[in-house]
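What you are looking at is a predicted structure, and each value in this text was computed from that prediction instead of being measured.
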Amino acid sequence: MIFWIGLMKKFKGVIMMRRKKVLLATLTIITLVTTVFSLSGCGSTGGKSNSTGTLQAKGDIKQGGTLTLSTSEPDFLDPYLASAADTRSVLFNVFEGLVKTDESGNFIPAVASSYSVAKDGSKYTFKLRSGIKFQNGKDVTVEDVKYSLDKAAGKDTGKPLETELSNIKSVDIKGSDTIEVNLINPDTEFLPYLTSAIIPKDYKDENTKPIGTGPFKIASYVPQQQIILEKNKDYWQKDLPHLDKVVYKITTDSNAVLLQLKAGSIDAAFITKDQAEQLSQNYNTLEGSANLIQLLALNNAQKPFDDVRVRQALYYAIDTQNIIDTVASGVGKRAGTNFFSSYKKYFQSGLEKTYNKNITKAKQLLKEAGYPNGFETTITVPSVYQFHVDTAQIIVEQLKEINIKATIKPVEWGVWLSDTYKGRKYDTTIVSLDADYVSPRALLERYVSNNSENFVNFKDPKYDDLFAKAVKEKDDTKKVEEYKELQTILNKDAASVFIQDQEKVVVLKKGLEGYKFYPLYVQDLASIYYKK
């Protein structure tokens, strides 16, 4: 079973009292691949387009039923604090923003019915959807929207829960159904951040009794056991969802998922291609982009990785294609930067060829950096994630060729979160990074020197200056060029060893339809149905 940790573009340094051993901070993390899957529409033809643009088959949908999945232990049920990709995949179905992302990466109205953007990006105006309700049956009001955005932007505390929303100057009510969002700095790319959850005004129990506007509501949550979602009968999109219930089994053993699939006790999961072939009789298989970059993260602030030549040497020594072939059954693409190839417009192709395996070059760089005889280092890996543990084992063997003795340090997940990510006490670690917004900026902002999500401690004034320029750039052609140049800097400076642009293999029980692949690491349950 594959487990992926997706570190997402959101650090909210908030310490909560709930299960501190796992959640010492909300941060950009996550997740068990077995349990978090974006879902792909499976050939429903001759159907009609609903309001989200999803194609559904006429007369082919069996209303009702229960879908059973696996997931990891959630970090927070509060949408502003949740950072684990597994958790956010669950909450994607519970909460909605003024807009939401569809499977094509478009932003469609959700809590809002329509919106307009000022030409210079300084103002975003939204009209609320008529009759939309929270899952407790109460109407959504403009006061709720203002409260939600102000809270996420930290207007009451000065400490934004959603870092990106700190650019909000004011949220102004312009009538009973109209909200105006004014920005401190004009930003034509701000719409993705307005997917931030809308919650009831002054509601204080989001982490224990979540209330949103999404197609499902959380009926119950038993830590270490399960999360149960039930259909939101007040959902504004009246033809969705089709399912009555979704049961998430909380799983921490990667081997257990394949066994559960074989036993038929779960209905869908991410697994390796080899494992999927064992399930062909009862499950259909889909492949698509995971929107994850697996990397050997290098602590740029710590010797010897504060020397670019050492980082480059590791990159030349590691055979990334071998890792893909061995650990991912060949399902994946070599990566040369932190960017997904699925973001085609902004993706700088060819960077994966910069560091073709070259032991001679690697040894020369180490010699120049003052390490002619190599050195010792540690690869910290959360012990539960076999995908990364297997990758670490291959890297240990490959680094021996340049006299680097790497030792794998397995740690518990909670320790990894607190010490490795938040505390940045590590040499190297293996993770997979994603973005929690459909925005190229969300991927690149992590590496800005003073960014709280920059857990690899990458610092490059040229990168910082170019990023600031790209964000303000109004000429789209130039902006694309600058985003590509930022990827090139990360590659040239070997900010980390970018291993693979991951692809996923999804197995789903025969009879299930309506799955979608998304350009985000989310899980859309609303359109899933059992075929008649």
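Note: Phe92 and Tyr518 meet the aromatic proximity criterion, with ring centroids under 6.0 Å apart.
Between Asp234 and Lys133 there is no salt bridge, since none of the side-chain N atoms of the basic residue sits less than 4.0 Å from a carboxylate O of the acidic one. Using a 4.0 Å cut-off between charged side-chain N and carboxylate O, Arg441 and Asp187 make a salt bridge.
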Checklist entry - Are Thr429 and Trp416 close enough, and set up right, to give a side-chain hydrogen bond (donor to acceptor under 3.5 Å, both in side chains), and what steps lead you there? => result CA-CA 9 Å; Thr429 189; Trp416 190 91; 2.9 Å; yes
Item to check | Derivation and outcome, side-chain hydrogen bond (donor to acceptor under 3.5 Å, both in side chains), residues Ser342 and Asn291 | outcome: CA-CA 7 Å; Ser342 58; Asn291 296 303; 2.6 Å; yes
Checklist entry - Where do Gln225 and Tyr248 land on the side-chain hydrogen bond (donor to acceptor under 3.5 Å, both in side chains) test, with the steps shown first? => result CA-CA 9 Å; Gln225 295 185 35; Tyr248 285 99; over 6 Å; no
Checklist entry - How far apart are the C-alpha atoms of Lys155 and Asp150, what are their side-chain angles, what is the distance that settles it, and do they pass the salt bridge (Lys or Arg N to Asp or Glu O under 4.0 Å) test? => result CA-CA 5 Å; Lys155 295 302 180 182; Asp150 281 347; over 6 Å; no
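Residues Thr125 and Glu180 come closest through the heavy atom pair OG1-CG, 4.0 Å. Nearest heavy-atom pair across Asn338 and Leu443 is ND2-O, 2.7 Å.
For the pairing with Tyr483, the ring pair (Phe, Tyr, Trp, His ring centres under 6.0 Å) check across Tyr346, Tyr343, Phe467 returns one residue only, Tyr346.
One N or O on the side chain of Ser527 and one on the backbone of Gly514 form a donor-acceptor pair closer than 3.5 Å. A donor-acceptor contact shorter than 3.5 Å is absent between the side chain of Asn299 and the backbone of Asn457.
Within the 4.5 Å cutoff, no side-chain heavy atoms of Asn232 are placed close to those of Pro215. Considering only heavy atoms from C-beta on, Tyr147 stays 4.5 Å or farther from Pro200 through its side chain. You'll find the side chain of Leu161 reaches within 4.5 Å of the side chain of Lys151, heavy atoms only.
Using cut-offs of 30° and 60° on the angle between ring planes, the pair Phe126 and Tyr115 is tilted.
No hydrogens or angles considered: a donor-acceptor pair under 3.5 Å links the side chains of Gln500 and Gln294. Glu453 and Tyr421 are not linked by any side-chain donor-acceptor pair at a separation below 3.5 angstrom, with hydrogens and angles left out of the test. No side-chain donor from either of Glu412 and Ser383 sits under 3.5 Å from a side-chain acceptor of the other. Ser70 and Gln260 share a donor-acceptor pair across their side chains, judged by distance under 3.5 Å alone.
Atom NZ of Lys209 is separated from atom CG of Asp78 by 15.0 Å, given to the nearest 0.5 angstrom.
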